[in-house]
Amino acid sequence: MCKVRTKEPCRMPWVYINEIGQHEGQDVTLKGWLYNKRSSGKLHFLQVRDGTGILQCVVFKSDVPPEQFDLADHLSQESSLIVTGTVRADARAPLGYEVSVKDLQLVHTAESYPITPKEHGVAFLLDHRHLWLRSSRQHAILTVRSAVIRACRDYFDGKGFTLLDAPIFTPAACEGTTTLFATDYFGETAYLTQSGQLYAEAGALAFGKVYCFGPTFRAEKSKTRRHLTEFWMIEPEVAFMDLAGDMDLAEDFVEYVVQRVRREQRSHLEALERDMTVLERVRKPFPRVTYSEAVELVRQAGFLIQWGDDFGADEETAISKQFDRPVLVHRYPTECKAFYMKADPENPRLALCVDVLAPEGYGEIIGGGQREDDLETLRAKIRAHNLPEESFGWYLDLRRYGSVPHAGFGMGIERVVAWICNLPHVRETVPFPRMLERLRP
RNA sequence: UCCCCGGUAGCUCAGUCGGUAGAGCGUUCGGCUGUUAACCGAAUUGUCGCUGGUUCGAGCCCGGCCCGGGGAGCCA
């Protein structure tokens, strides 16, 4: 039993809420913030969060000195505090456990907190993103994101890939078609990268199997639930791998990431009311259709589309609705795809590429394919796309010195997290989303 | 860039036919020994996005602008 003091906190083991069950019957200290409070005259219920969970702490009038009881009555939302008390199992508590408070120390009194337990609009919450992160829903989503990234890295690390990160500043467009963010680089114009792939190719021809993982930037004025101007992409690249191997890798990778996150993050996913049966079905083999077959599926769904058109969001959803797990769509027309895609030797109008479409309307989560490895063919494609050949000198070198077939893909982390969590918008899958018209906070 | 919707109290919103604004929540104070977005009572809260116009009179009607949200194209 602690002696009552108001200035100096009790010295008991500092524990986190997610391990509170191991301390039943013991006196412990929690350090956290007031999430919510309810009061019933002679007792106060403090919902305390510490970053690992939310725990109910009960303050009985008879257990603490009068000034501490009065403090508990007047604590403002998000005030930081140190609580010491006895851990008890109690069916009436939301977590199954609660703490009977013996000592309560205030660290800082929060000013009137803008985000109340009631409803708020999206714009208000995004303006207060730095505080919104404290809510249990955002905590769940961003913890899942952390687990997704860990699973991605473990997958490639465990298969002998070397992490080879690409630069953020680049001198020219990787793909030429999309808009880039320009910055002043000591008097020269540099662009923020929109893909690490070209550099990953250099890595693959050096190390065999590599992946890069980092932020990428697209200055497109896209205003949709699937777009950010800054997003994170993981891009494996493998020498001596063809399109078939690329598809096998993408399939195995997606299965691994989804199944591992499903197992590790069950409690957070259930808190987000995610239908777990959808995730359980994400098992190999995934269905594979050619672009031409996909066009037929889209036509049967009632869309007017011509062979050669790329799929829009509605068409992608129409394709993925035909299947109960991710679907691989391969061999798009070359004119839909970037210059570095290798043409199919059996039909030069087709590119050796693959997109992975997630179920439930989440669209393209992976884009990749086999790269053009012939020097003269690649030069011709660069000219045909009106790209400056001099900017790609080093890239062409990869086709001069021991060129080999190679392939890879890029997976957008935010889209995968949105899909796994079943969120309506990618903006909640990254701590501080960057979108058209939103740079702050 | 295009299409649609919105901007009223700290927050979420209502505001009829054009007559200078209202609810819930929050906050503050009081009550309650088991609350679960607690409840009960009282108090508190306004540059109606900005600007110009119509009108005796504009939150409301008209023009311009700003900001935000949703969607398209493009992409991961």
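For clarity, every value in this text was computed on a predicted model and none was experimentally measured. Just so it is clear: chains get the letters A, B, ... in the order the sequence lines come, proteins before strands, and each one is counted from 1.
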Review point. Would you call A/Phe60 and A/Phe69 a side-chain contact if the rule is heavy atoms closer than 4.5 Å?
Key: no
**Study point:** A/Arg153 vs A/Tyr211 side-chain heavy atoms within contact, under 4.5 Å
**Key:** yes
Practice item. Applying side chain to side chain contact (heavy atoms under 4.5 Å, CB included), name anything that partners A/Leu125, two or more places apart in sequence or on another chain. Key: A/Ile115, A/His120, A/Trp132
Please classify the nucleic acid contact of [X] as base, sugar-phosphate, or nothing, using heavy-atom distances under 4.0 Å.
| X | value |
| --- | --- |
| A/Lys223 | base |
| A/Gly363 | nothing |
| A/Glu98 | base |
| A/Ser39 | base |
| A/Arg88 | base |
| A/His128 | nothing |

Study note, to complete from the structure: Of A/Met411 and A/Pro424, the one whose closest nucleotide on RNA chain B sits nearer the 5' end is A/Pro424
Check your understanding: Pick the nucleotide of RNA chain B nearest each of A/Phe124 and A/Ser40; which residue has the one closer to the 5' end?
Key -> A/Phe124
Check your understanding: Can you list the stems that RNA chain B is part of, where a stem is at least 3 pairs in a row, each Watson-Crick or G-U, with both distances below 3.5 Å?
Key -> B:1-7 with B:66-72, B:10-13 with B:22-25, B:26-31 with B:39-44, B:49-53 with B:61-65
Review point. When you check the gap from the basic side-chain N to the acidic O, do A/Arg349 and A/Asp344 get nearer than 4.0 Å?
Key: no
**Study point:** Which residues share a ring pair (Phe, Tyr, Trp, His ring centres under 6.0 Å) with A/His406, sequence neighbours left out
**Key:** none
Check your understanding: Any donor-acceptor pair under 3.5 Å between the side chain of A/His227 and the base of B/rC75?
Key -> yes
Practice item. Would you kindly give the CD1-to-P distance between A/Ile115 and B/rA37, to the nearest whole Å? Key: 19 Å
Point to revise | All pairs passing salt bridge (charged side-chain N to carboxylate O under 4.0 Å, His left out) where residues 413-425 of chain A contributes a residue, at least two apart | key: A/Arg145-A/Glu414
Check your understanding: Using a cut-off of 4.0 Å between protein heavy atoms and nucleotide atoms, how would you tag nucleotides 24-29 of chain B 5' to 3' with B, S and -?
Key -> -SS--S
Practice item. Please check the phosphate of B/rU33 (OP1 and OP2 only) for any side-chain N or O of A/Arg38 closer than 4.0 Å. Key: no
Practice item. Identify, residue by residue, the members of residues 250-259 of chain A with a heavy atom below 4.0 Å from RNA chain B, and return them in order of residue number, or none. Key: none
